[in-house]
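I have placed the structure first, in the form of structure tokens, so that the comments after it can refer back to it.
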There are 2 protein chains.
Amino acid sequence: MATTGPGKPVSASTARGGHEGHGGSGAGAPARRSTIRDVARQAGVSVATVSRVLADNYPVTHTTRAKVLRAVRQLDYVANAHAKALAGTGVETIALVLDDITWSAFAQIGAGVEQEAARRGRLCLVCTTQGDRQRELAVVNLMREQHAAAVILVGGIQYTTEYRERMSRFARSLDSVGSRLVLCGRPPLADDLPATVVEYDNEGGAYGATAHLLSLGHRRILFVGAQEGQSTADGRLSGYRGALADYRVAAAPELEREGLFLRDAGLRAVREALREQVAFTAVFAATDMVALGALEGLREAGLRVPDDVSLIGYDDIPMANELTPRLTTVHVPYQELGRTAARLVLDRRDGVGGAEDRTRLSTHVVVRGSTAPPAPGPR
Amino acid sequence: MATTGPGKPVSASTARGGHEGHGGSGAGAPARRSTIRDVARQAGVSVATVSRVLADNYPVTHTTRAKVLRAVRQLDYVANAHAKALAGTGVETIALVLDDITWSAFAQIGAGVEQEAARRGRLCLVCTTQGDRQRELAVVNLMREQHAAAVILVGGIQYTTEYRERMSRFARSLDSVGSRLVLCGRPPLADDLPATVVEYDNEGGAYGATAHLLSLGHRRILFVGAQEGQSTADGRLSGYRGALADYRVAAAPELEREGLFLRDAGLRAVREALREQVAFTAVFAATDMVALGALEGLREAGLRVPDDVSLIGYDDIPMANELTPRLTTVHVPYQELGRTAARLVLDRRDGVGGAEDRTRLSTHVVVRGSTAPPAPGPR
DNA sequence: CTGAAAGCGCTAACAA
DNA sequence: TTGTTAGCGCTTTCAG
């Protein structure tokens, strides 16, 4: 007996010949789904009635409703989301675009977005770009096709003129189809562009981290993870510089080390600085991942943290609190960032009054065990 | 001048009065997207021609194609994915259902799925359940509506009769609409059910971990993270027991400690065991997160790892290699697991011959610094 | 090579 | 209270 078949035989379907119960059992065979018409026929009512019962937005006799619901159950019917979408109803979806979901900060942002979206009945489409800006472009267009209610772009970028122009195009392009561009942890665009921005106090966190080291007495602080033009790196670097300036400590080019936000960059930068005999008593790593590499670099040189050299990171990834010593770092409320991004854009969409389209969450230093006053001796 | 407006004025639209360029600038105002008809009108051709040019699957004059493409550019037109889907074309989507994307193992699986899906032109819908099985049900139905090509359920579960029945229903229900249930890191269902299963050698890894400790000379090994009925926990526990049996070491109930797969569970279990004066020289934590808690528990009791007590984890999360000492653990190829899940289901769908519907990836112990022979003294 | 028109599955007037 | 029907935007025969 056919698995999905109803109790009593169904009269010949409209068109396509009757598949057997197991629809897609064959490789990729497009199954014959039951449609609202099947349900209507089975229940002996019209499609409109079925629609009404299912939407539950219109008066329907108790008995009719029962008949319909029974038919639905018998046929294991679910509505076709695409048809609903086309007809104007249908669940909205939010698109989330990020480099790599395995990076802790991104995963947290993603979790925040997804939770808030789900809470408000939206679906969440996730696309990763592995840092490929070309793919980002393709993805945004794809999302425009998908009628995504919003497209949330996550994470810092190479901040160029070309980039700004592309984003402006994205913003307008999405706006023109009723969608919305959201920049999360990314610098804002021109004020007149239709986009929502959710930032965190990137520079302030770096300022705080540096000030923490300075107030401990450090004067030679190695900054690791500078990246010319990368928005996040630039913000952190300028927070570092700003604090130095406020403490009347001269900046030194040899203390600002280039490097990506990866563990390996931290390792290499510290090794090089050591090899070049650059004097420093503390390391400010632009991310916790970089700090991990720096830690290894220090250790392989026989330097203890924090006794010989202090180390501070940025991001406060869960791992930070598990290291030995526990890593002092800058806490960024990533999950909250994601949640806020979703909230703002959905508030605006749901017509909630006073929905802002620009927010900045604050960051703060979390002092743990990897920072201490500089050792009195040399270095 | 209207942003999306064409060069020369367009004759009055079919129905709704002409919105201005900026479509959705108002909160959630459903914008007037340009449709294929707009493009056709603008290009002075029929919609069929536009469709053909865009699909590029039919001979079209060079000049006609040019006209169409120009119109597309002028109107910044993108097709409506829902309409395409309804008409039978359209990008497929894969649904990924997991407890929490911030958990390292899940994030890695997710990354694997997403990458493989993207590589093969599919979109990836992510839903989290926070361990709520009720929500899992709702999500699967939602995915059925969405016409997801596959629904990938990730991670261990409470393995009950009720669960098995629900999964059977899922499997058949998805199959009946041409979709496919995929179980990733979850026990398989009955053989005759339409589902794809991608497992890893859960029990084998635990056996290896335990054997590693046994061969170092440990005989009293605390297992932390037992959970009656939880499939993953059960598998690991039985690997532990199996190794003990093979080494002719008697199992002891007081050595098997209950607890969730969370850091806190590890901490509590070790504290309790210590308080109860249970003798042990090694700890096998059911996950690396549990190992983290166990490590803290050992340390606060003044016990050194591995000098006083050896510690081994499971999962090989990135953090494992950053701990002091570096954590010995069982490596699970999570990303590969996700990639495989996507690959199998898409192979089958794309009609690639010989696509299996059941695979098991292997695991292996990664020996690092947290395990050593037991100390000669007491304990 | 191009166009007209019939669906795809659902919703929402409009009628009855 | 229920049914009929005209779209929603796109693809795809079938004619020309």
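So you know, we letter chains A, B, ... as the sequences are listed, proteins then strands, and number each from 1.
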(message) From CD of A:E145 over to C1' of D:dT11, roughly how many Å is that when rounded to an integer?
(response) 14 Å

(message) Using the side-chain heavy atoms of B:V47, tell me which of these nucleotides is nearest: C:dA5, C:dG9, D:dC10.
(response) C:dA5

(message) Using the side-chain heavy atoms of A:A48, tell me which of these nucleotides is nearest: D:dC10, D:dT12, D:dT4.
(response) D:dT4

(request) Calculate the interatomic distance between B:H147 atom NE2 and C:dG9 atom C1'; express it in whole Å. (result) 9 Å

(message) Rounding to an integer number of Å, can you tell me how far B:K67 NZ sits from C:dC1 C1'?
(response) 12 Å

(message) With side-chain contact (heavy atoms from CB on, under 4.5 Å) as the test, pick out the partner of B:V154 among B:L96, B:T129, B:D99.
(response) B:L96

(message) By nearest atom, which of the nucleotides D:dC10, C:dA12, C:dT2 is closest to the B:T49 side chain?
(response) C:dT2

(request) Among the candidates C:dC10, D:dC10, C:dT2, find the nucleotide nearest to the side-chain atoms of B:A87. (result) D:dC10

(message) Looking at D:dG9, I'd like to know if its phosphate oxygens (OP1 or OP2) sit under 4.0 Å from a side-chain N or O belonging to B:K84.
(response) no

(message) Using a heavy-atom cut-off of 4.0 Å across all strands, would you classify A:V45 as base, sugar-phosphate, or nothing?
(response) sugar-phosphate

(request) Name the orientation class of the two ring planes belonging to A:H82 and B:H147 (parallel below 30°, tilted from 30 to 60°, perpendicular beyond 60°). (result) perpendicular

(request) For B:H62 and C:dC1, give me the distance from atom NE2 to atom P, rounded to whole Å. (result) 13 Å

(request) Please determine, for the side chain of B:T61, which listed nucleotide (C:dT11, C:dC1, D:dT12) has the closest atom? (result) C:dC1

(message) Tell me which one of B:R172, B:R144, B:R169 satisfies salt bridge (charged side-chain N to carboxylate O under 4.0 Å, His left out) with A:D76.
(response) B:R144

(message) Could you tell me how far apart B:R37 (CZ) and C:dG3 (C1') are, to the nearest whole angstrom?
(response) 13 Å

(message) When you measure from the side-chain N and O atoms of A:T35 to the phosphate of C:dG9, is any distance below 4.0 Å, counting only OP1 and OP2?
(response) no

(request) Please confirm whether any donor atom in the side chain of B:R52 sits under 3.5 Å from an acceptor in the base of D:dT13, or the reverse. (result) yes

(request) Test side chain to side chain donor-acceptor pair (under 3.5 Å) on B:R180 and B:T196 and set out the steps. (result) CA-CA 7 Å; B:R180 180 101 182 158; B:T196 294; 2.8 Å; yes

(request) Report the C-alpha separation of A:V45 and A:K67 in whole Å, then their side-chain angles, then the decisive distance to 0.1 Å, and conclude whether the side chain to side chain contact (heavy atoms under 4.5 Å, CB included) test is met. (result) CA-CA 9 Å; A:V45 300; A:K67 276 191 296 185; 4.3 Å; yes

(request) May I have the distance from B:H82 (atom NE2) to D:dG7 (atom P), rounded to whole angstrom? (result) 22 Å

(message) Please pick, from C:dG9, D:dT12, C:dT11, the nucleotide with the shortest atom-to-atom distance to any side-chain atom of A:S51.
(response) C:dT11

(request) Verify the contact: side-chain N or O of B:T64 to OP1 or OP2 of C:dT2, cut-off strictly under 4.0 Å; return yes or no. (result) yes

(request) For B:N57 and C:dC1, give me the distance from atom CG to atom P, rounded to whole Å. (result) 13 Å

(request) Take A:A81 and B:V60, find for each the nucleotide of DNA chain C with the closest heavy atom, and name the residue whose nucleotide sits nearer the 5' end. (result) B:V60

(request) Please determine if a side-chain N or O atom of A:Y58 lies less than 4.0 Å away from the OP1 or OP2 oxygen of D:dG3. (result) no

(request) Determine, for B:R349 against B:E92, whether the closest basic-nitrogen to carboxylate-oxygen distance falls under 4.0 angstrom. (result) yes

(request) Quickly work out the B:L86 CG to C:dC10 C1' distance and round it to whole Å. (result) 8 Å

(request) Tell me which nucleotide among D:dC8, D:dC10, C:dC10 gets nearest to the side chain of B:I36. (result) D:dC10

